[in-house]
Amino acid sequence: MPNPVQTTDEFLQLVRRSGLVDAADERRLAATVAAWPDGGAAPSAALLQALIDAELLTRWQIEQLLRGKHKGFVLGKYRLLRLLGAGGMSSVYLAEHTALRSFAAIKVLPLRNVDRTSYLARFEREARQSARLGHPNIVRTFDLGVAGSIHYIAMEYVDGVDLHAKVKREGPLTVRDAANVIRQAALGLHHAHEEGIVHRDVKPANLIIDGRGTVKILDLGLALAAGDDDGSLT
C-alpha cells in the first residue's frame, strides 16, 4: 500500500517516476513549480491548480499521486487521464494517445482477475469480437494490449451519457426519442448478428448517447460468437 505524499519534493519525484510528464514537458514542469521553492512543505492547492492549468496533470492524476501511487498511468501508447467508470469485471479510463494526442477509452482488467483464466479469456474474447465490428452504432475497438501485468482494451471514446443515467437524470424519453434510440440500437445489433455475434447484455446502461444523439452499444463482455461453446459465459 503506497504512503500518502507529505512534501512537494516527494510529489514531484512521483510525477517524474509516473511517466506522465515526458522530456518535452520537463521544462514546463520546472517553470510551473518554480514559484513554490519550499520542497519540504506540503503540496499547496495553488501549486496543484497551476499544474492543472498548465495541462501538465489532470485532477484525477493528482489525486492518485497524492495517495503515493505512481505506477499504471501509462499503458503502452496511452496516458490515463481520469476514471470514467468501474465495475466488478473492469475499470474504464479516459486516455490520451501519447503520439497522436487523440482520446480513447481504455478498459482495464483488475489485477485480481488476471490470474483467473475465465476472466482473462472473457476479456480477450470481448476485444477480439468487438474488433470485428465496424458500425456507427457500436463502439469501435482499436487494440488489445498488456503493459507489465495490466491487460487493457483500447476503444473509441464517446463523449456522452448512457441511457440509464440519462433517464434517471431527466426522466422518461418521449415516444419519438425512445423509438429513435431503439432503432439505432437495433441497427447496431443487426450488424453484430450478421457477424455471428449475440450481445447478451443489452440494457440502458450499455447504450451511450453522444452529443449529436447517436446511440452506440457498449460492452461485449458477455457476447457469444457463433460456434462458441464456452460454458463459463453462461
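Please read all numbers here as calculations on a predicted model, not as lab measurements.
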Exercise. Using the test side chain to side chain donor-acceptor pair (under 3.5 Å), find all partners of R67 that sit at least two apart in sequence or belong to another chain.
Key: none

Quiz item: Taking only residues two or more places apart in sequence or in another chain, which ones pass side chain to side chain donor-acceptor pair (under 3.5 Å) with D22?
Solution: none

Practice problem: Report the C-alpha separation of L48 and L57 in whole Å, then their side-chain angles, then the decisive distance to 0.1 Å, and conclude whether the side-chain contact (heavy atoms from CB on, under 4.5 Å) test is met. | Solution: CA-CA 9 Å; L48 301 179; L57 297 172; over 6 Å; no

Exercise. Considering non-hydrogen atoms only, spot the tightest contact between A127 and T141 and give its length.
Key: O-CG2, 3.9 Å

Quiz item: What pairs with Q6 under side chain to side chain contact (heavy atoms under 4.5 Å, CB included), at least two apart in sequence or on another chain?
Solution: P4, E10

Quiz item: Distance-only, no hydrogens or angles: does the Q61 side chain make a donor-acceptor pair with backbone N or O of V15 under 3.5 Å?
Solution: no

Quiz prompt | Same apolar cluster (I L V M F W Y, side chains within < 4.5 Å links), I182/L163 | solution = no

Quiz item: Taking only residues two or more places apart in sequence or in another chain, which ones pass side chain to side chain contact (heavy atoms under 4.5 Å, CB included) with A54?
Solution: R28, T32, L56

Self-check item: Side-chain donor or acceptor of T58 paired with backbone N/O of L81 under 3.5 Å
Solution: yes

Quiz item: Under the side chain to side chain contact (heavy atoms under 4.5 Å, CB included) test, which residues partner E156, sequence neighbours left out?
Solution: V139, R140, F142, V158, K216

Practice problem: Hey, can you tell me if W60 and Y93 have their rings parallel, tilted or perpendicular (30° and 60° cut-offs)? | Solution: tilted

Quiz item: Taking only residues two or more places apart in sequence or in another chain, which ones pass side chain to side chain contact (heavy atoms under 4.5 Å, CB included) with A46?
Solution: W36, S44

